[in-house]
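Have a look at the structure below before the remarks.
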Amino acid sequence: MINTHSHLFDTQFDADRDAVVARAMAAGVRRILMPNIDVSTIEALHRTEAAYPDYCFAMMGLHPTSVSENYKQELSCIEKMFEVHDYRAVGEIGLDLYWDQSRLSQQVDAFETQIQWSKLLELPIMIHSRNAFQQVIESVKKYADERLRGVFHSFGGTLDEAKQVLELPGFYLGINGVVTYKNGGLKEVLPFVPLNRLVIETDDPYLTPVPYRGKRNEPAYLAYISRTLSELYQVSVEEVNHITSANATLLFGR
Ligand SMILES: [Zn+2]
C-alpha cells in the first residue's frame, strides 16, 4: 500500500514516531507521502523525511487554513523551498470555508498561485477542499491542461462532484477513514468511481478509521481503508492495494 496523505511529522507523533513507522511497515505500507501545512511545519517535515529515507517523502505547499494576512510573504518562503529540496507534490493546497469564510479571495489567490507552480515544476497537486468544492473545481478547471494532475484529498462529496473530478484526466480521489464511517456517504458514491481513479490515505493523526475511531490515527491504519474498499468493490485486498499503489506511483513517481 502507498499512503498518499499522512502528517507523520505532527507533534502528536513526537513521543513514538519510530514505533508508528515500524507498525506501518509491518502493516504493509510501502511508502508514506507527507503534505506540508505552512512555514512553521517545514523543519519537522524535513526532519521526518530524513529520518526514514526511501520511505517518507515530503510535499511542499501552504494549507488554506494557514492563509492569513501575511500569506504572500509565507508563499514566497515556500516557493523558495522548491529550489533547495526535492518534493513529490505541491501540497496541501486548496480552499477551506468551514473554518473561516472571511479570507476566500486570499485563499483563492494562494491556491491558484500554487496550482501555477505545480505546472512549472511538473508536480502533482494535493488538494484540500472543505465546504468549497465548487470554488475548488472552478480554480482547477481554470488551469486544467495535460500538465495539471493531482488528488482531491479526503474526498467526501456527492456523486455529481465525483463525476466532475473524473472528467479531469490525471485527477484522483483520495479515500481515507471516512469510508469506514456509517454515515460517511461514500458508500453510495464509490460504486460509480472506478478503482483506477482512487488513491488511499490516512490523513493521520485525524479521521481515524473504524475500529479505532476516537483515538489518534496513524499510517498503519491504511489497512482498514483498503479492507473497506475491497468489500465495497467486491475484489480482493491485494487487488485494491495493487491498483491504488499503481495510481499513486503514476502520480507521485517511484
Ligand atoms: Zn492533510
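This one's a predicted model, so the numbers in the text were calculated from it and none came from an experiment. Counting convention: from 1, in listed order, for ligands and their atoms alike. All values below were derived from every heavy atom in this structure, side-chain atoms included, with hydrogens, water molecules and symmetry-related copies excluded.
- Taking Ala162 as the reference, Phe155, Leu173, Val189, Val193 meet the side chain to side chain contact (heavy atoms under 4.5 Å, CB included) condition, with sequence neighbours excluded.
- Asn196 and Tyr172 form no side-chain donor-acceptor contact under 3.5 Å, judged by distance and modelled atom types alone.
- Summarising the local packing, CZ of Arg227 is surrounded by 12 or fewer heavy atoms from other residues, nucleotides or ligands at distances under 6.0 Å.
- Taking 2.8 Å as the criterion, His5 counts as a coordinating residue of the Zn ion (ligand 1), since one of its N, O or S atoms falls below it.
- Put simply, His7 gets within reach of the Zn ion (ligand 1), with an N, O or S atom under 2.8 Å from it.
- Shortest distance from the Zn ion (ligand 1) to Glu92 is reached at OE2 (N/O/S atoms only).
- At a threshold of 4.5 Å between side-chain heavy atoms, the hydrophobic network of Ile, Leu, Val, Met, Phe, Trp and Tyr places Tyr233 and Leu159 in one connected group.
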